[in-house]
Amino acid sequence: FVMACEILFVIFIVYYTIEEILEIGVSRLSYFKKIWNWLDVLMILLSYVAIGFSIYRTMTVGSKLQALLDNPGQYADFEGLGFWQMQYNYMVGVLVFFAWFKIFKYISFNKTMNQLSSTLSKSAKDVLGFCIMFFIVFFAYAQLGYLIFGAQLQDFETFGSSVFTLFRIILGDFDFQAIESANRILGPIFFVTYVFFVFFVLLNMFLAIINDTYSEVKADKTEGADEFHISNYLLKVKKLCDGRAGGVAMPTGAA
């Protein structure tokens, strides 16, 4: 069963490779203007790497097992193969992750999902500007926490750990008593100002950007023409088929 699934996977990848090559030949440079096409190319490349490694792994394990059977006293070194197996597992995980994102491409016919994707694409510039402002403030607090508490608290002993600690504070996972005991004056000031600016101000600005953009997109969809989605498409196909069937039946009945 596993071999049958692997063969079917290879057939699908070859088919989609040919399909993408033909599409590149027709669209040429405009093909690379769509993010979904870049995702398709990335997934195909990762799939070929996975296929190549699977073949290599099968051949290598077979040869090592055969050598071990021929000489049972010989040490079989599978350490290198185990390392590459871990890299293979990571790559397959990334491939499956991107494959799930492909679902958005096929559910864009739905009106609600189309509004959500339009909201994300339309708010991209505003979100980018917000991210720049957010990380300026965030890294400033991360550097401040590292310099003030780095010598006393393990959570701030390095700049990287300070960054992760501040992310945990946003999620509500923090130890205020440890921060206060490290510095009774600067500790509470650091914590209160960070929560105020990052949590109450910046995160609410982010939500406001998304909310305003979603309202604009929803208004545009309502005022403009109806968005094409799968239900309308199937309804039109059904009406077309019924019309053709009726057009053929009428002359037959008259005859």
Side-chain angles (χ1 to χ4, degrees), residues 35-36 38-39 42-43 46 49 79-80 82-104 112-113 115-219:
I35 188 64
W36 294 116
W38 282 100
L39 185 60
L42 178 61
M43 290 179 61
L46 289 177
V49 174
E79 182 178 356
F83 170 78
W84 287 109
Q85 177 65 38
M86 292 299 298
Q87 308 309 312
Y88 171 78
N89 293 338
Y90 299 151
M91 182 189 60
V92 171
V94 174
L95 179 60
V96 174
F97 174 79
F98 285 131
W100 275 102
F101 273 94
K102 286 277 292 182
I103 297 177
F104 285 106
T112 302
M113 296 306 301
Q115 288 179 354
L116 294 177
S117 60
S118 299
T119 300
L120 294 177
S121 60
K122 194 172 182 179
S123 63
K125 292 183 179 179
D126 293 333
V127 170
L128 179 62
F130 165 81
C131 288
I132 294 174
M133 180 175 60
F134 174 82
F135 282 110
I136 289 175
V137 176
F138 183 83
F139 285 130
Y141 272 97
Q143 189 71 49
L144 178 63
Y146 166 65
L147 294 175
I148 295 177
F149 311 115
Q152 298 171 288
L153 299 179
Q154 185 177 3
D155 291 339
F156 294 91
E157 63 181 358
T158 64
F159 180 74
S161 61
S162 178
V163 169
F164 283 108
T165 300
L166 293 184
F167 274 120
R168 288 168 50 196
I169 292 177
I170 295 177
L171 298 176
D173 181 15
F174 56 86
D175 187 357
F176 176 75
Q177 293 181 350
I179 296 176
E180 185 181 21
S181 62
N183 193 311
R184 293 188 176 276
I185 299 177
L186 294 179
I189 295 176
F190 171 85
F191 181 82
V192 171
T193 56
Y194 173 75
V195 170
F196 176 78
F197 284 111
V198 174
F199 189 80
F200 289 105
V201 178
L202 293 179
L203 290 184
N204 281 283
M205 286 178 60
F206 173 76
L207 294 177
I209 292 172
I210 299 298
N211 185 52
D212 291 344
T213 307
Y214 180 76
S215 300
E216 293 177 5
V217 170
K218 194 172 183 179

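These numbers come from a predicted model, not from an experiment.
The number of heavy atoms from other shown groups lying within 6.0 Å of CZ (Phe164) does not exceed 12. Counting heavy atoms of neighbouring residues, nucleotides and ligands inside a 6.0 Å radius, atom CG of Leu171 exceeds 12 of them. Within 6.0 Å of CZ in Phe139 there are more than 12 heavy atoms belonging to other residues, nucleotides or ligands. Annotation: Phe176, atom CZ; neighbour count of heavy atoms from other residues, nucleotides and ligands within 6.0 Å is above 12. Counted within 6.0 Å of CD on Gln154, heavy atoms from surrounding residues, nucleotides or ligands total 12 or fewer; the atom is thus considered open.
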Gln143 vs Phe159, side-chain contact (heavy atoms from CB on, under 4.5 Å): CA-CA, chis, key distance, verdict: CA-CA 7 Å; Gln143 189 71 49; Phe159 180 74; 3.5 Å; yes
Derivation of the side-chain contact (heavy atoms from CB on, under 4.5 Å) call for Leu203 and Ile170: CA-CA 10 Å; Leu203 290 184; Ile170 295 177; 3.8 Å; yes
Chi angles and distances behind the side-chain contact (heavy atoms from CB on, under 4.5 Å) call for Val94, Tyr90: CA-CA 6 Å; Val94 174; Tyr90 299 151; 5.7 Å; no
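The distance from the CZ atom of Phe174 to the CD1 atom of Ile179 is 8.0 Å, given to the nearest 0.5 Å. Distance check: Tyr146 OH to Glu157 CD gives 9.5 Å after rounding to the nearest 0.5 Å. Annotation: the span from Met43 atom CE to Leu46 atom CG amounts to 8.5 Å, rounded to 0.5 Å. For the atom pair CG of Leu144 and CD1 of Ile189, the computed distance is 10.5 Å after rounding to the nearest 0.5 Å. A distance of 9.5 Å separates CG in Leu166 from OG in Ser161, rounded to the nearest 0.5 Å. Rounding to the nearest 0.5 angstrom, the gap separating the CG atom in Asn211 from the OG1 atom in Thr119 is 9.5 Å.
In terms of modelled atom types and a separation under 3.5 Å, the side chain of Ser123 and the main chain of Asp126 share no donor-acceptor contact. At least one donor-acceptor pair under 3.5 Å links the side chain of Thr165 to the backbone N or O of Asp155.
The aromatic ring centroids of Phe134 and Phe206 lie 6.0 Å or more from each other.
Considering only heavy atoms from C-beta on, Met133 stays 4.5 Å or farther from Ile136 through its side chain.
Taking the six-membered ring where tryptophan is involved, the planes of Phe156 and Phe190 are perpendicular, since the angle between them exceeds 60° and thus also 30°.
Exactly one residue among Phe167, Tyr194, Phe199 makes a ring-ring contact (aromatic ring centres under 6.0 Å, His included) with Tyr141. That residue is Tyr194.
Heavy-atom minimum distance, Ala142 versus Ser162: O-OG, 2.8 Å.
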